[in-house]
There are 2 protein chains.
Amino acid sequence: MTAISAENPPKSKQKSVRGRPRDTSKNKAIIHSASRLFLEKGFDGTSMDDIAKRAGVSKQTVYSHFACKEVLCSEAISLAVKRYSPDTALENMEEHSLEADLRAVCDKFARLLLGDDSVAMANLLVTSAPKGSEFAKIYWNAGPQAMHGKLKDFLQHWIDQGALSIDDTSKAADLLATLLKGKVHFLRSIGLMDTISEEQIQENVEDTVTIFLKLYGAKI
Amino acid sequence: MTAISAENPPKSKQKSVRGRPRDTSKNKAIIHSASRLFLEKGFDGTSMDDIAKRAGVSKQTVYSHFACKEVLCSEAISLAVKRYSPDTALENMEEHSLEADLRAVCDKFARLLLGDDSVAMANLLVTSAPKGSEFAKIYWNAGPQAMHGKLKDFLQHWIDQGALSIDDTSKAADLLATLLKGKVHFLRSIGLMDTISEEQIQENVEDTVTIFLKLYGAKI
DNA sequence: GGTTATCTGGACTCATAAGTCTAGTAATTG
DNA sequence: CAATTACTAGACTTATGAGTCCAGATAACC
């Protein structure tokens, strides 16, 4: 038995490892297929055999890289969250006007929040919530919490400009996310809305912008 | 094999049934224990043996009353929805003022929406969504859709009074529900908030009332 | 080449759970 | 009473899936 952790020991050159080295490409293949399968079919709905098969790898190899299903799932969640929360969310803002920028931000986040992967992720967390909310914490911190921070920064910018009048920035950012989800996210979660239309997204964005500006737009 | 349906045939006296009659109390016991277990542990997490045991009934009896697990679950969901959506939601309104009544309504619905049973129901639907969104439809029509109607009636009353200025009543009712859920419902769903405090409910209600009145309160 | 460790493929154990079957018992009608 | 249907208790079948084990192949190091 050797260490099972996927991470290498300290960056010093680990030349003196005797046998055949781990195939890191297989490691990635496993996490990737796990990530797709867990999102598609949930924790219970995904078998380790399926993961191995989809990764083009033997089952034993899966277990030699990851101690158990739970560990693999948490790594898969980490990957998925990173994969689908773009760091470039609030960059190349064109600084037109509050309303234009707000609409752009809302549009970006609406697509993120209402998209297939976001809904699948939420459902995965629900189905595996009893087994340990560790998954949920990983997700929450890297996903929604990160987004929350970006939204606060965005709002603060326009508060400083005098275009927004907000007491509690944190609460306002929460409201923005809540409004963008609307009832659509829930409907998708419970399987009553298979696909989301472009119009539906646009409508959510427009409603959100309208409401938000009405609430917090500074009356000049 | 006799009919498996739990409902009696047309109310005509069905005297001429030969053998031992179904024990309706057992039927109820089964649905009730199923309802509790499905909400507690989800569809996959609940076994037919558990249900039988908790109902104090043999497994065969369960199968003689309900064709399969799916059927039993849908009946259990119907029961749970009826059980937890009070028909007396908007009665004995005291007609004080818009704000007081709105607060009362929000308080009532917030407790409903954020309570253990509501969250458990949502999670049950998520976990069994792949298996057939029939469950979700049953729930949606008897639960949120019914509530939506009541909210619209409530809003319409105050529109007629001239105290609210709303174009799209339906959308406003949706907004109310969305605001009341806030992020709390989601947090509870994914297991990051085990219990909900009285303060949390109050805060959601107050925020919702404030926002809603700011948006739709008629400027006299 | 020898050693060590990984990878493969498949057989294997073990547990859980849906649904069936059976033999016996209880309740109701005729 | 006999016939009929419901209920019980438990054994049973079947399927699924997590995790293990093993024999042989492969890839690195010395």
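Residue numbering restarts at 1 for every chain, and letters A, B, ... go by the order of the sequence lines.
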Exercise. Under the salt bridge (charged side-chain N to carboxylate O under 4.0 Å, His left out) criterion, do B:Asp117 and B:Arg83 qualify, and how do the steps go?
Worked result: CA-CA 10 Å; B:Asp117 294 297; B:Arg83 197 146 174 47; over 6 Å; no

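Both B:Thr46 and B:Pro21 lie near DNA chain C, and the one whose nearest nucleotide falls closer to the 5' end is B:Thr46. Each of B:Gly56 and B:Gly19 lies near DNA chain D, and the nucleotide nearest B:Gly19 is the one positioned closer to the 5' end.
Look at NZ on B:Lys69: it is 14 Å from P on C:dT20, rounded to the nearest Å. When rounded to the nearest whole Å, the span between NZ of B:Lys53 and C1' of C:dA17 equals 13 Å. Between B:Tyr63 atom OH and C:dA17 atom P there is a gap of 12 Å when expressed in whole angstrom units. The distance from atom NZ of A:Lys41 to atom C1' of D:dG17 is 14 Å, rounded to the nearest whole Å. Put simply, CG on A:Asp44 is 10 Å from C1' on D:dG17, counting in whole angstrom units. Here C:dA17 presents its P atom at 15 Å from CD of B:Glu70, a figure rounded to the nearest Å. Distance A:Met48 CE to C:dC12 C1': 17 Å, rounded to the nearest Å. Protein atom CG of B:Asp49 is 7 Å distant from nucleotide atom P of C:dA18, rounded to whole Å.
Looking only at atom types and distance, the side chain of B:Ser58 has a donor-acceptor partner in the side chain of B:Thr61 under 3.5 Å away.
At the phosphate of D:dT8, OP1 or OP2 sits under 4.0 Å from a side-chain N or O atom of B:Lys26. A:Thr61 has no side-chain polar atom (N or O) that falls below the 4.0 Å cut-off from OP1 or OP2 of C:dT6. At the phosphate of C:dT6, neither OP1 nor OP2 sits under 4.0 Å from any side-chain N or O atom of A:His65.
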Would you be so kind as to tabulate the donor-acceptor pairs closer than 3.5 Å made by side chains of residues 138-149 of chain B, with sequence neighbours excluded?
residue	atom	partner	partner atom	Å
B:Asn141	ND2	B:Lys137	O	3.2
B:His148	ND1	B:Asp174	OD1	3.1
B:His148	NE2	B:Ser170	OG	3.0

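Using a 4.0 Å cut-off between a side-chain N of Lys or Arg and a carboxylate O of Asp or Glu, A:Asp107 and A:Arg111 qualify as a salt bridge.
With D:dG19, D:dC7, D:dT4 as the choices, the nucleotide that has an atom nearest any side-chain atom of B:Arg18 turns out to be D:dT4. Proximity note for B:Arg20 (side chain, C-beta onward) versus C:dG19, C:dT8, D:dC7: the nearest is D:dC7.
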Enumerate the protein-to-nucleotides 9-16 of chain D contacts in which both atoms are nitrogen or oxygen and the separation is below 3.5 Å.
none

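Atom NZ of A:Lys171 has more than 12 heavy atoms from other residues, nucleotides or ligands within 6.0 Å.
Under the 4.5 Å side-chain criterion, counting only non-hydrogen atoms from C-beta, B:Lys150 is not in contact with B:Phe154.
Here the side chain of B:Thr46 pairs no donor or acceptor atom with the backbone of B:Phe43 at under 3.5 angstrom.
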